[in-house]
Amino acid sequence: MPESAEQPWTVLRLLEWTTDFFKRRGSESARLDAEVLLAHARQCSRIELYTAFQEEPDDEQKTAFRELVRRRGEGTPVAQLVGYKEFYSLRFRVNEHVLIPRPETEHLVIEALDCAKAIKPGDRPLQIADVGTGSGAIAVSLAVHLPSARITAIDLSPEALEVARWNADQHGVAERIDFVAGDLLADVTTPAKFDLICSNPPYVSESEFDQLQPTVRDFEPKLALVSGPDGTETIKRLLGESYGRLHQGGRLIIELSPMIAEACAELAEQISELGDLRFIKDLAGHRRILSLSRV
Ligand SMILES: C[S@@+](CC[C@H](N)C(=O)[O-])C[C@H]1O[C@@H](n2cnc3c(N)ncnc32)[C@H](O)[C@@H]1O
């Protein structure tokens, strides 16, 4: 922000200047980014900015904001700058070790909650696995909405599991989630079988990775994004490992890229123990969630 002797840097002026700056840097949500960062620097809610347009932030707030704007201008995602992201109406801590939860993944949570309603586990708790838990967005949301479920949250990354554990603790569900460091389901011994296996695995191909926006490619963990030459590698392994770990009638629910939806459906159809294949579309109308039953 340039120094200006004549005009004070009011909230409104800061927002307008920063929105323009972010637009020129290619942000698709320039005004929102500016508001979230200014609210963070002023330690207030976004809505409170609207009644403070003519106020001038103090020097400390302006210095904090300037630093946030600089880092956002270099590509750091807003969620990493403020340290959290809202997902399924819950706040999740995020850092450079975890994928920032995406709105598309809420469709997976909705499908899992719908499927859970239809399952009657008898006198044992409903058993759910979240494979590749990252920030814990799926595991924690399901635990909050299914108070009698037990969840196993798995990730290859110990740093991600730490974030997931912190989020589970914040939302009061940590005692119903087991955190396991491991490769897909290989290191999970108990329970032997699940009612639901959910996963938002990495599904970007190696060639697509280079085309990702720098704010994703250079700041979010590659381990969370990329899966082999065509993006299907992890899903293929998960399909192969999952059917033997599901109770009969249990469901496997996987987020994927619409670009590999057909290939993944073909892989699933080769496994006779999996059936009742359906896709759930995202808000853009693209096939985003693959849901299968253990027959
Ligand atoms: C796309 S992110 C999903 C994170 C979170 N579930 C969400 O939806 O926001 C994929 C996660 O899977 C983890 N992961 C990648 N390969 C894995 C594997 N083979 N076994 C377990 N976790 C894996 C990554 O570390 C990352 O946290």
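Atoms considered below: every heavy atom in the structure, side chains included; atoms not considered: hydrogens, waters and symmetry mates. First listed ligand is number 1; within each ligand, the first listed atom is number 1. Note that the numbering runs from 1 along the sequence shown for the chain.
Side-chain atoms of S157 and D155 form no donor-acceptor pair, as typed in the model, at a separation below 3.5 Å. Side chain to side chain, R294 and S242 fail the donor-acceptor criterion of an N or O pair below 3.5 Å.
Annotation for E175: atom CD counts as buried by contact number, over 12 foreign heavy atoms lying within 6.0 Å. Annotation for D58: atom CG counts as buried by contact number, over 12 foreign heavy atoms lying within 6.0 Å. By the neighbour-count criterion of 12 heavy atoms within 6.0 Å, atom CZ of R237 is densely surrounded, having more than that number from other residues, nucleotides or ligands. In this structure, K193 places its NZ atom where more than 12 heavy-atom neighbours from other residues, nucleotides or ligands lie under 6.0 Å away.
Looking only at protein heavy atoms, the nearest one to atom 1 (C) of ligand 1 is A224 O, 3.0 Å. Scanning the protein heavy atoms around atom 7 (C) of ligand 1, the nearest turns out to be N200 ND2, 3.6 Å. Distance from atom 11 (C) of ligand 1 to its nearest protein heavy atom, with residue and atom name: G132 O, 3.4 Å. Of the protein's heavy atoms, L184 N, 2.8 Å lies nearest to atom 20 (N) of ligand 1. Shortest contact from atom 24 (C) of ligand 1 to any protein heavy atom: D155 OD1, 3.4 Å. Protein heavy atom in closest approach to atom 5 (C) of ligand 1: T133 O, 3.3 Å.
At least one side-chain heavy atom of L161 sits under 4.5 Å from a side-chain heavy atom of T133. With a 4.5 Å cut-off on side-chain heavy atoms, H40 and V36 do not count as touching.
Between A160 and ligand 1, no N or O atom pair is found at a separation short of 3.5 Å.
Per-residue contacts place D183 under 4.0 angstrom from the following atoms of ligand 1 (heavy atoms of the residue considered): 18 (C), 19 (N), 20 (N). Proximity to R237 (heavy-atom distance under 4.0 Å) selects the following atoms of ligand 1: 19 (N). Contact atoms of ligand 1 toward T105: 8 (O) (distance under 4.0 Å to a heavy atom of the residue). Within ligand 1, the atoms closer than 4.0 Å to a non-hydrogen atom of G182 are 20 (N), 21 (C), numbered from 1 in the order shown.
Of the candidates L223, L156, T234, L223 brings a heavy atom nearest to atom 15 (C) of ligand 1.
At a heavy-atom cutoff of 4.0 Å, ligand 1 is contacted by no atom of R102, backbone or side chain. Residue-level proximity to ligand 1 for I138 is carried by the side chain, the only part with a heavy atom below 4.0 angstrom. Residue-level proximity to ligand 1 for L225 is absent, since no heavy atom of it falls below 4.0 angstrom.
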Practice task
List the steps and the verdict of salt bridge (charged side-chain N to carboxylate O under 4.0 Å, His left out) for E67 and R70.
Solution key: CA-CA 5 Å; E67 176 62 9; R70 183 187 67 73; 2.7 Å; yes
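The aromatic rings of Y50 and F53 are tilted relative to each other, their planes meeting at an angle between 30° and 60°.
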